[in-house]
Amino acid sequence: MQEATEHKTPVTTLGPLETRLMDVAWNARRSLSVQDVVDRLGGANYKTVMTVLNRLVEKEMLKRELDGRAYRYSPALEREAFLRTAADGLVRGYIEAFGGDAASHLADAAGAAAPQPADPAPRRTLPVAYRLYHPPASRRGPLVVAAAGALAAALFILSKRRKR
């Protein structure tokens, strides 16, 4: 008799501490111990970091290997793969919640967010996706950055598809 395998829903959002821990893992050039992560965060609580790292393992965002008596953690997927998955999940969830017509509203919102030049001469402006992914520091929370970046990429793709 075969054992049923649980199909996990991909993680599309991270909490503030999860985001900070994933940033540490993504920026590291090697696997890290809990103490390595605590040191890189500038003195966060060891037990809290260990708990959240283990939750990220359960969410399949991190993998862990036993090294002597301590675990070492490394990303299970790259940052770009996570952002792509998050964008797909956010857009899919929006469309599932509000129907197929919602896609055109997403594309309209992306188009409305783009600045319109005052004269016909082309100007060098930052793409919508970049501006959404890099909000002003006063509004930049870790979850906002991840979600906005994922949503901006999806909106950009939808706006291009709609123009065809």
Side-chain angles (χ1 to χ4, degrees), residues 1-98 102-103 106 109-110 113 126-161:
M1 191 164 138
Q2 278 189 336
E3 194 174 304
T5 57
E6 182 181 337
H7 177 66
K8 291 208 176 217
T9 303
V11 175
T12 56
T13 59
L14 297 172
L17 182 54
E18 289 174 324
T19 301
R20 290 177 58 206
L21 296 179
M22 286 306 301
D23 281 338
V24 167
W26 282 322
N27 292 325
R29 302 207 187 274
R30 60 185 174 81
S31 60
L32 302 170
S33 68
V34 176
Q35 189 60 55
D36 292 334
V37 175
V38 168
D39 292 344
R40 289 176 185 223
L41 289 175
N45 182 284
Y46 184 94
K47 285 186 178 185
T48 301
V49 169
M50 183 174 60
T51 299
V52 176
L53 287 172
N54 289 324
R55 286 188 183 149
L56 288 167
V57 169
E58 291 169 8
K59 291 180 177 184
E60 298 178 355
M61 292 291 298
L62 291 176
K63 52 189 174 184
R64 90 181 152 202
E65 296 178 22
L66 193 57
D67 181 20
R69 292 177 39 199
Y71 284 107
R72 298 189 71 76
Y73 299 83
S74 59
L77 49 122
E78 298 298 320
R79 184 188 315 257
E80 293 304 314
F82 167 72
L83 291 175
R84 189 175 312 111
T85 300
D88 291 347
L90 288 169
V91 171
R92 190 174 297 111
Y94 182 80
I95 291 172
E96 285 174 4
F98 299 107
L106 286 172
L126 296 174
V128 172
Y130 181 88
R131 286 184 288 105
L132 287 173
Y133 186 71
H134 299 283
S138 62
R139 293 191 351 233
R140 193 180 304 153
L143 182 58
V144 169
V145 171
L151 186 56
L155 292 174
F156 179 75
I157 291 167
L158 285 171
S159 70
K160 293 297 180 189
R161 287 183 183 167

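Nothing fancy with the numbering, it's 1 onward along the sequence. No hydrogens, no waters, no symmetry mates; every other heavy atom, side chains included, goes into these values.
Of all the heavy atoms in K63 and V57, the pair that sits closest is C-CG2, 4.5 Å. Of all non-hydrogen atoms in L66 and G68, the two that sit nearest each other are CG-O, 3.6 Å. Shown here for L62 and A25, the closest heavy-atom pair between the two residues is CD2-CB, 3.8 Å. Minimum interatomic distance between A44 and V49 (heavy atoms only, all atoms of both residues): CB-CG2, 3.7 Å. Listed here is the closest heavy atom pair of R40 and V24: CD-CG1, 3.8 Å.
With sequence neighbours excluded, no residue forms a side chain to side chain donor-acceptor pair (under 3.5 Å) with S74. Residues satisfying the ring pair (Phe, Tyr, Trp, His ring centres under 6.0 Å) criterion with Y46, sequence neighbours excluded, are absent altogether. Remark: T48 engages N45 in a side chain to side chain donor-acceptor pair (under 3.5 Å) (not counting sequence neighbours). With sequence neighbours left out, E80 forms a side-chain contact (heavy atoms from CB on, under 4.5 Å) with L83, R84. Shown here are the salt bridge (charged side-chain N to carboxylate O under 4.0 Å, His left out) partners of R30, two or more places apart in sequence or in another chain: D36. A search for side chain to side chain donor-acceptor pair (under 3.5 Å) contacts involving R64 returns N54, not counting sequence neighbours.
Between N27 and R79 the shortest side-chain heavy-atom distance falls below 4.5 Å. Using a 4.5 Å heavy-atom threshold, the side chains of L56 and L14 count as touching. Between E18 and M61, every side-chain heavy-atom pair lies at or beyond the 4.5 Å cut-off.
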- Residue pair L77, E60: steps toward the side chain to side chain contact (heavy atoms under 4.5 Å, CB included) verdict: CA-CA 8 Å; L77 49 122; E60 298 178 355; over 6 Å; no
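Between the side chain of R72 and the main chain of D67, no donor-acceptor pair closer than 3.5 Å is present.
The OG1 atom of T13 lies 7.0 Å from the CZ atom of F82; values are rounded to the nearest 0.5 Å. The distance from atom CZ of R55 to atom CG of L21, rounded to the nearest 0.5 Å, is 11.5 Å. From L53, atom CG reaches atom OH of Y73 across 5.5 Å, with rounding to the nearest 0.5 Å.
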